[in-house]
Trainee: 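One structure, as structure tokens, below. Some questions next.
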Amino acid sequence: MPPALLQALEALSLWPGARWLQASGTAYLWVNAAHILGLGLLVGVIVPLDLRLLGLWRQVPLAALRPVLQPMAALGLALALLTGLWLFSVRPVDYAFNTAFQCKLALLVLALGNIAWQHGAIGWLARAQHAAAPSVAVRCRAALSLLLWLAMVLAGRWIGFL
């Protein structure tokens with residue numbers, strides 16, 4: 001690891017928010033709980049949406065789900081990212097070298113890329129608004145989404161065991 005990066009990571013562990021979590025088990029508990037809440041909101045929204053795209057609950061129009069689920073997923077993602085960065089700051093050097101953490105970050109990047117791919121695909125919005133059946137490509141990206149998000153959660157749980 002380049003010395004400048006190592007120094008930046010070490011400096012991160014000294015910012016007041018990190019020091020507070022390092023000194024207070026209760027504070028760490030609350031931030032960790034908020035991280036889990038964010039992940040729960042995010043994955044709890046993505047799973048039913050992806051399952052709907054894969055063919056479950058066909059009687060429920062995608063146009064009805066999107067206005068409810070999309071803001072909740074965004075809120076969950078924002079909460080998970082903010083609290084995740086905060087938790088990372090407690091032991092940034094250790095986490096940077098943790099294989100499970102590295103896997104979690106890679107899976108997160110892939111999952112976010114898949115969201116961008118899904119939402120940027122031609123016909124995605126039109127199908128969601130007009131209740132057309134999802135295309136094979138949309139269904140494949142939904143299956144990939146399920147796999148990536150669930151694997152990311154699993155990698156996150158794995159961090160504490162390495």
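The first residue of the sequence shown is numbered 1, and numbering continues consecutively from there.
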Trainee: Only counting residues at least two apart or in another chain, list the ones meeting side chain to side chain contact (heavy atoms under 4.5 Å, CB included) with Ala74.
Mentor: none
Trainee: Should Leu65 and Leu75 be counted in the same cluster of Ile, Leu, Val, Met, Phe, Trp and Tyr side chains packed under 4.5 Å apart?
Mentor: yes
Trainee: Below 3.5 Å, can you tabulate the donor-acceptor pairs from side chains in residues 145-162 to any protein atom, sequence neighbours excluded?
Mentor:
residue: Ser145; atom: OG; partner: Asp50; partner atom: OD2; Å: 2.5

Trainee: Identify whether Val138 and Val47 are in the same connected component of the hydrophobic contact network (ILVMFWY, side-chain heavy atoms under 4.5 Å).
Mentor: yes
Trainee: Calculate, to the nearest 0.5 Å, the distance between atoms CG and CG belonging to Leu85 and Leu12 respectively.
Mentor: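 The CG atom of Leu12 is 8.5 Å from CG of Leu85, to the nearest 0.5 Å.
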Trainee: Calculate, to the nearest 0.5 Å, the distance between atoms CG and CH2 belonging to Leu51 and Trp57 respectively.
Mentor: 4.5 Å
Trainee: Considering residues at least two apart in sequence or located in another chain, which fulfil the side chain to side chain contact (heavy atoms under 4.5 Å, CB included) criterion with Ala143?
Mentor: Leu54
Trainee: Examine distances only and state if a side-chain atom of Trp20 and a backbone atom of Ala27 form a donor-acceptor pair shorter than 3.5 Å.
Mentor: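 No, the answer is negative, given that no donor and acceptor are paired below the 3.5 Å cut-off.
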Trainee: Please identify each residue that fulfils side chain to side chain contact (heavy atoms under 4.5 Å, CB included) with Ala137, with sequence neighbours left out.
Mentor: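 Side chain to side chain contact (heavy atoms under 4.5 Å, CB included) list for Ala137, sorted by chain: Ser135, Arg141.
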Trainee: Does any part of the side chain of Leu49, heavy atoms only, come nearer than 4.5 Å to the side chain of Leu62, both counted from C-beta?
Mentor: yes
Trainee: With hydrophobic residues grouped by side-chain heavy-atom distances under 4.5 Å, do Leu5 and Val90 end up in a single group?
Mentor: yes
Trainee: Just wondering, do Leu53 and Gln118 contact through their side chains at under 4.5 Å, heavy atoms?
Mentor: yes
Trainee: Could you tell me which residues satisfy side chain to side chain donor-acceptor pair (under 3.5 Å) with Glu10, sequence neighbours excluded, listed by chain and number?
Mentor: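 Expected list: none.
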Trainee: So, using side chain to side chain donor-acceptor pair (under 3.5 Å) as the criterion, who are the partners of Trp15 when residues are at least two apart?
Mentor: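 Side chain to side chain donor-acceptor pair (under 3.5 Å) check on Trp15 returns Ser89.
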Trainee: Please step through side chain to side chain contact (heavy atoms under 4.5 Å, CB included) for the pair Leu108 and Leu81, ending with a clear verdict.
Mentor: CA-CA 10 Å; Leu108 175 62; Leu81 287 175; 3.8 Å; yes
Trainee: State yes or no: do Leu87 and Trp30 share one hydrophobic cluster built from I, L, V, M, F, W and Y residues joined by side-chain heavy-atom distances below 4.5 Å, directly or via other members?
Mentor: no
Trainee: Tell me, which pairs form a salt bridge (Lys or Arg N to Asp or Glu O under 4.0 Å) where one or both residues lie in residues 87-101, sequence neighbours left out?
Mentor: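 Salt bridge (Lys or Arg N to Asp or Glu O under 4.0 Å) check on residues 87-101 returns Arg91-Asp94.
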Trainee: Give, for atom NE2 of His119 and atom CD of Gln70, the distance between the pair rounded to the nearest 0.5 Å.
Mentor: 5.5 Å
Trainee: In the single-linkage hydrophobic clustering (I, L, V, M, F, W, Y; side-chain heavy atoms under 4.5 Å), do Leu14 and Trp86 co-cluster?
Mentor: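 Looking at the clustering, Trp86 is in a separate group from Leu14.
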Trainee: Provide the closest heavy-atom pair for Ser13 versus Pro92 in the form atom of the first, atom of the second, distance.
Mentor: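 Of all heavy-atom pairs spanning Ser13 and Pro92, the closest is CB-CD, 3.6 Å.
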Trainee: Taking CH2 in Trp117 as the centre, count heavy atoms belonging to other residues, nucleotides or ligands within less than 6.0 Å. Is the count above 12?
Mentor: no
Trainee: What's the spacing between Ile46 CD1 and Leu39 CG if we round to 0.5 Å?
Mentor: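 It comes to 10.0 Å.
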Trainee: Mind checking ring pair (Phe, Tyr, Trp, His ring centres under 6.0 Å) for Phe88 and listing every partner two or more places apart, or none if nothing turns up?
Mentor: Phe101
Trainee: Which residue pairs pass the side-chain hydrogen bond (donor to acceptor under 3.5 Å, both in side chains) test when at least one of the two sits in residues 35-45, sequence neighbours left out?
Mentor: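 Found His35-Thr83, His35-Lys104.
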Trainee: Closest heavy-atom contact between Pro48 and Val45?
Mentor: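 For Pro48 versus Val45, the nearest heavy atoms are CD-O, 3.3 Å.
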Trainee: What pairs with Phe97 under side chain to side chain contact (heavy atoms under 4.5 Å, CB included), at least two apart in sequence or on another chain?
Mentor: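 Residues passing side chain to side chain contact (heavy atoms under 4.5 Å, CB included) with Phe97: Met1, Val93.
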Trainee: Output the distance between atom CG (Leu77) and atom CE (Met72), rounded to the nearest 0.5 Å.
Mentor: 12.5 Å
Trainee: Kindly compute the distance separating CG (Leu110) from CG (Leu144), expressed to the nearest 0.5 Å.
Mentor: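 Result: 8.0 Å between the selected atoms.
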